[in-house]
Amino acid sequence: MSSFAPLDPPIVSSQKQRVAYYYDPDVGNYSYGHGHSMKPHRIRMAHSLVTNYGLYKKMEVYRARPATKREMTRFHTDEYVDFLSRVSPENIATFGSDQLKFNVGDDCPVYDGLFEFCGISAGGSVDGASRLNQQQCDIAINWAGGLHHAKKSEASGFCYINDIVLGILELLRYHARVLYIDIDCHHGDGVEEAFYTTDRVMTCSFHKYGQFFPGTGQLRDIGIGKGKDYAVNVPLRDGIDDATYKSVFEPIISGIMEWYRPAAVVLQCGADSLSGDRLGVLNLSMKGHANCVSFVKSFGLPMLVVGGGGYTIRNVARTWTYETGLLLGQILGPELPYNDYYEYYGPDYQLDVRPSNMQNANNKEYLDHIRSSVLENLSRTQFVPSIQMVDVPRDAPEEDSVDEDGEVSKDTRGGSQEAWDSHVQAEGELSDSEDEGEDGRRDIHNYGEE
Ligand code: LLX
Ligand code: CA
Ligand code: ZN
């Protein structure tokens, strides 16, 4: 596509942002099982690169307290969370039809330590959101998060607990409007569904659509009830490249910022939109992917940045490291420093993911059509939703908690739960997907074209 300008240099704001980075040294030890595409080890690889580039000196590195069952049930049902907390490879047979009900099995296997992994992933996003709420940082990063397919009472697409929904619910305690942006190759269906009937959260997903998991996310899916016009879907065809992605991403995000004026942003950085991903079909380079991060950062809003999919793990680690640098206002050099997984990065040992020569099935007419219909829908959200802000509770004093090993840790996510619950958001204001009518949603089992 010659009609699009090449990428401009990334926007690196001179203003120093306080970055909180969440990493749990146990995360890389969890395994979905031999042959499964999801490899939590990629988070450890990214962390080793981040560390060996020296980025730990410029940010606060935290190990989050794992999310509790109670925190998970702010979105998920008690029954589902209870199931996840008790099931194991040894006892799964005793759960009978619950396996079907909660959709665990092939894509979402029950593996050793599953619930601990969920706690780590969700803990980072909830803690990051809480730290943003307390204005203790400007940007929070949790590469172990981004599990956008998880539903209220169902696992889906390798995701069990939706850390993103939990993080957004935490942000909504202090922020009137939250924008969710999803650059994973897949539709951010679990997050969209959770907020489909509210104007407090605008969701915007860019994804491959048509004969592709999860089969949702058409242009015409824009939310229902109070949430009408507050869901944005950008369905893409195979092989989109940096310049054409930028040609839809930037005007749509600018339009949303202008019309919606969010108070905080959550950015899901799924790396399966990179060129050469084992399960993806798009053609973004590392710099094209990172351009989205720089562009969103340039609006200067409190920002929770999470991971997502990504199955060519050396490229996931490269990209999330480069993006950690950008979020710190630094452009990392191309020579990879020696690190624990250096051999993964041969033969070039460079910090780069290059595009391939695959065909771009997104022509100018198609993208013009997508961009103009999204912008037209946005212009209907002319009046920023009038949020009835109720008093936010004063911060409860921090409570110390003692873990199983007798270690005392500060509870950075506030003290008494009762003091925190249901304040900024009014009772029943947010979506309960079970109450939604038939008309607003499409048949999720039909992976058809639009
Ligand atoms: N899209 C996505 C985002 C985050 C995670 C998993 C997915 N799922 C997929 O990419 C996918 C691919 C093919 C078929 C079905 C789903 C995720 C991130 C961290 C931990 C667990 C899941
Ligand atoms: Ca997406
Ligand atoms: Zn994905």
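Just so you know, residue 1 is the first one in the sequence shown, and it goes up from there. Counting starts at 1 for both ligands and their atoms, in listed order. The analysis underlying the following values was restricted to heavy atoms, covering all of them including side chains, and did not include hydrogens, waters or symmetry mates.
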* Y21 and H47: aromatic ring centres closer than 6.0 Å? -> yes
* Please name the atom of D184, restricted to N, O or S, that is closest to the Zn ion (ligand 3). => OD1
* To do: Have a look at D184 and say which of its N, O or S atoms is nearest the Ca ion (ligand 2).
  => O
* Please state whether the separation between the Zn ion (ligand 3) and some N/O/S atom of H148 is under 2.8 Å? => no
* Asked: Got a salt bridge between D82 and R86, using NZ or NE/NH1/NH2 to carboxylate O under 4.0 Å?
  -> yes
* **Among the N, O or S atoms of D272, the one nearest the Zn ion (ligand 3)** => OD2
* Asked: Would you call K151 and D189 a salt bridge, using N to O less than 4.0 angstrom?
  -> yes
* Atom name of the N, O or S atom in D182 that lies nearest to the Ca ion (ligand 2) -> OD1
* Electrostatic pair R74-E170, nearest N-O below 4.0 angstrom -> yes
* Structure fact -> the Zn ion (ligand 3) -> H186, closest N, O or S atom is ND1
* Asked: With a cut-off of under 6.0 Å to the ring centre and 45° to the axis, is R131 in cation-pi contact with Y62?
  -> yes
* **Distance-minimising heavy-atom pair for C269 and V305** => SG-CG1, 3.8 Å
* Asked: Can you pull the side-chain hydrogen bond (donor to acceptor under 3.5 Å, both in side chains) pairs that have at least one residue in residues 91-104, sequence neighbours excluded?
  -> E79-K101, S88-N91
* Asked: Is a salt bridge present between R42 and D277, judged by a nitrogen-to-oxygen distance below 4.0 Å?
  -> no
* Residue that, paired with F158, satisfies ring pair (Phe, Tyr, Trp, His ring centres under 6.0 Å) out of H36, H149, H186 -> H36
* Structure fact -> In F102, F115, F75, the residue satisfying ring pair (Phe, Tyr, Trp, His ring centres under 6.0 Å) with Y80 is F102
* So what does the S205 OG - the Ca ion (ligand 2) - H186 O angle come to, to 10°? -> 90°
Does ligand 1 have any N/O pairs with the protein under 3.5 Å, and how far apart?
| from | atom 1 | to | atom 2 | distance (Å) |
| --- | --- | --- | --- | --- |
| ligand 1 | 1 (N) | H148 | NE2 | 2.8 |
| ligand 1 | 1 (N) | H149 | NE2 | 3.0 |
| ligand 1 | 1 (N) | D184 | OD1 | 3.1 |
| ligand 1 | 1 (N) | D184 | OD2 | 3.4 |
| ligand 1 | 1 (N) | H186 | ND1 | 3.3 |
| ligand 1 | 8 (N) | G157 | O | 2.9 |
| ligand 1 | 8 (N) | Y311 | OH | 3.2 |
| ligand 1 | 10 (O) | H186 | ND1 | 3.2 |
| ligand 1 | 10 (O) | D272 | OD2 | 3.2 |
| ligand 1 | 10 (O) | Y311 | OH | 2.5 |

* Any N/O/S atom, backbone or side chain, of F206 lying under 3.0 Å from the Ca ion (ligand 2)? -> yes
